[in-house]
Amino acid sequence: MTDIPRRAVSRTAKLAALPLGFAGRTVLGMGKRVTGLASDVISAEIQQRTAEQLFSVLGQLKGGAMKFGQALSVFEAALPEEIAAPYRQALTKLQEAAPPLPIASVHKVLTEQLGPDWRDRFVEFNDVPAAAASIGQVHRARWREPGFDESGAPNSRDVAVKIQYPGAGEALLADLKQLSRLGGMFRAIQPGLDVKPLLVELRERITEELDYELEAESQRTFAAAYADDPEIYIPKVIHAAPRVLVTEWVTGTPLADIIREGTEEDRDEAGRLMATLHLSAPQRAGLLHADPHPGNFRLLPDGRLGVIDFGAVARMPEGTPEPIGRIAALALSGDADGVVAGLRSEGFIGSAEEIDAEGVLDFIRPMLEPIAADGFRFTRAWLRGEAGRLASPRSPTYQLSRQLNLPPSYLLIHRVTLGSIGVLCQLEAKAPYRSILERWLPGFAPVA
């Protein structure tokens, strides 16, 4: 058995074991109910043990499991504190690291993608990966430039060389198929959390993310849109092949480090810059950065936000849809009928659906608290409160939400917005978010 099939079997076995462990803990919980222990105590114990096993296994895997773990990790701020706290460090690791690919495999990919003389393209190449993620790992190197300097040494520049794992596509598909069976586990950790749409969307994006030449095209578009920008830095693409991408190296503090130990000032500024990127990119680049986990961002020494991964983007040549800003503005002004009319026209409410307009407004208004005034501090407590309000089956909000649809055209925008809010809550960042929306969100600012 070769290394790759052996690793695939091991990964599948670990994923397959997760539901069995969950089932055992559920039986344990049922047994304890017979003994008279309080249901909330049992539930908390099951939640904690389930979270421990889930995050432990996801943290060991590449492929779809690793990518799903990264996507889930931005929502850790919504988990109950007693569950999230012991595993926050493990979740952060999902955003920054994974087991490295053997160096012989790295060299084989470089030979296949850059040619047998690939070493001649570099002045230096560090065999130890600087970072590893779901479908590839990054090595630091010095790319050979034309000419020589005054000392006779070849001209060169620091670069990041992203190398795709062999068999990454097959691993992604296999892992996502396994993960689709784990819905019950995620409901145990956070009732109301529906992972199926996230998994469907991840599956749809696999082909794009596996194509590094397509990623290079997206990154070049972003780099042109933000060239010489005083707040956002996009590294240039140096060379692209289907499974190897060479870009400028970005030196800065990873957002995960700022979340863990950054000053309040740094956390606030990182949040402001992330919101600026998220809201301005559709207008400036015709693209939405669609992978807002902290591992993709750095706070640079000059204060700019560095963005280092463009494998997942949404193409929005017309910019952000104007109804998003218009409906948000109507909700803040208290126009319940206008909100319902706007939602109905966009397909969030069925054309024949009878719905309580004031109830819809009550459903939406708390979500808009961050932009009701110019300054707002996102917190884990605020996100947990919103998650609880929306997820409780006994809540009128929950009942009303069942009458609302999420049109397919809004699925990615919705997911990226939630992911970005999750990161802002991890940062616990305060910024003038309303003014950022007024500048960049069509339809939101009052017409003069």
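Just so you know, these numbers come straight off a predicted model, no measurement behind them. Along the sequence shown, residues carry numbers from 1.
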Within this structure, what is the CE-CD1 distance for the pair Met274 and Ile421, rounded to the nearest 0.5 Å? 11.0 Å

Could you go step by step and tell me if Trp440 and Thr320 meet the side-chain contact (heavy atoms from CB on, under 4.5 Å) rule? CA-CA 9 Å; Trp440 293 113; Thr320 305; over 6 Å; no

Backbone of Tyr165 reached by a side-chain donor or acceptor of Gln137 within 3.5 Å: no

Evaluate the ring planes of Tyr226 and Phe222, with Trp represented by its six-membered ring, and classify them as parallel (under 30°), tilted (30 to 60°) or perpendicular (over 60°). parallel

What distance do Leu383 atom CG and Gln426 atom CD have between them, rounded to the nearest 0.5 Å? 9.5 Å

Any heavy-atom pair between the side chains of Arg439 and Gln283 that's under 4.5 Å? no

Looking at every non-hydrogen atom in both residues, tell me the closest pair between Pro154 and Val123 and how far apart they are. CG-CG2, 4.0 Å

Taking the side chain as every heavy atom from C-beta outward, state whether His293 and Val423 have any atom pair closer than 4.5 Å. no

To the nearest 0.5 Å, what is the distance between CZ (Phe363) and CG (Leu404)? 5.5 Å

Ignoring hydrogens and geometry, is there a side-chain-to-backbone donor-acceptor pair from Arg142 to Ser156 under 3.5 Å? yes

Without swapping roles, check the side chain of Gln219 against the backbone of Ile234 for a donor-acceptor pair under 3.5 Å. no

Where is the tightest heavy-atom contact between Ala331 and Leu368, given as atom of each residue plus distance? CB-CD1, 3.5 Å

Can you see which heavy atom on Ile232 is nearest to which on Val307, and at what distance? CG2-CG2, 4.3 Å

Let's go through His289 and Phe297 carefully: what are the C-alpha distance in whole Å and the side-chain angles of both, what is the deciding distance for ring pair (Phe, Tyr, Trp, His ring centres under 6.0 Å) to 0.1 Å, and is it a yes or a no? CA-CA 11 Å; His289 188 280; Phe297 303 96; 5.4 Å; yes

Fit a plane to each ring of Tyr433 and Phe378, take the angle between them on a 0 to 90° scale, and name the class: parallel (under 30°), tilted (30 to 60°) or perpendicular (over 60°). perpendicular

Between Leu300 and Leu305, does the side-chain contact (heavy atoms from CB on, under 4.5 Å) criterion hold? Intermediate values first, please. CA-CA 6 Å; Leu300 308 189; Leu305 182 73; over 6 Å; no

I need the Ile436 CD1 to Leu441 CG distance, nearest 0.5 Å. 11.5 Å

Check: Pro146 main-chain N/O paired with Asn155 side-chain donor or acceptor under 3.5 Å: yes

Donor-acceptor pair, Glu428 side chain versus Arg267 backbone, under 3.5 Å? no

Report yes if some heavy atom in the side chain of Asp127 is under 4.5 Å from a heavy atom in the side chain of His107; otherwise report no. yes

Donor-acceptor contacts under 3.5 Å from residues 112-121 side chains, at least two apart:
{"from": "Gln113", "atom 1": "OE1", "to": "Arg243", "atom 2": "N", "distance (Å)": "2.9"}
{"from": "Trp118", "atom 1": "NE1", "to": "Thr111", "atom 2": "OG1", "distance (Å)": "3.3"}

Between CD1 on residue Ile258 and CD on residue Glu269, distance to nearest 0.5 Å: 10.0 Å

When you compare the side chain of His278 with that of Thr417, does any pair of heavy atoms fall below 4.5 Å? yes

Below 4.5 Å, heavy atoms only, C-beta onward: do Phe125 and Leu110 meet side chain to side chain? yes

Student check: side-chain heavy atoms of Pro129 and Val106 closer than 4.5 Å: no

Does the side chain of Tyr410 come within less than 4.5 Å of Ile324's, by heavy atoms? yes

Salt bridge flag under 4.0 Å for residues Glu264 and Lys430: no

Under the salt bridge (Lys or Arg N to Asp or Glu O under 4.0 Å) rule, what pairs show up with a residue in residues 212-228, not counting sequence neighbours? Lys162-Glu215

Check: Arg434 side chain, Ile371 main-chain N or O, donor-acceptor pair, under 3.5 Å: yes

Do any N or O atoms from the side chain of Asp309 and from the backbone of Asp291 form a donor-acceptor pair under 3.5 angstrom? no

Which heavy-atom pair separates Arg415 from Pro292 by the least distance, and what is that distance? NH1-CD, 4.2 Å

Taking the side chain from Asp158 and the backbone from Arg140, do they hold a donor-acceptor pair closer than 3.5 Å? no

Is the shortest heavy-atom distance from the side chain of Ile308 to the side chain of Val138 under 4.5 Å? no

Short side-chain to backbone donor-acceptor contact, Arg298 and Gly295, under 3.5 Å: yes

Answer yes or no: are there more than 12 heavy-atom neighbours, outside Glu261 itself, under 6.0 Å from its atom CD? yes

Does Lys236 offer a backbone N or O that forms a donor-acceptor pair with the side chain of Glu248 under 3.5 Å? yes

For Glu318, is the CD atom crowded, meaning more than 12 foreign heavy atoms sit under 6.0 Å from it? no

When you look at Leu287 and Phe310, which way does the side-chain contact (heavy atoms from CB on, under 4.5 Å) test go after all the steps? CA-CA 10 Å; Leu287 297 169; Phe310 297 86; over 6 Å; no

Note: Tyr212 and Ala241 closest approach over all heavy atoms is CB-O, 3.3 Å

Thr221 vs Val313, test: side-chain contact (heavy atoms from CB on, under 4.5 Å). Steps then yes/no. CA-CA 11 Å; Thr221 301; Val313 300; over 6 Å; no

For the residue pair Leu245 and Ala216, what are the closest heavy atoms and their distance? CD1-CB, 3.7 Å

Mind checking the CG-CD1 spacing from Leu288 to Ile413? Nearest 0.5 Å is all I need. 7.0 Å

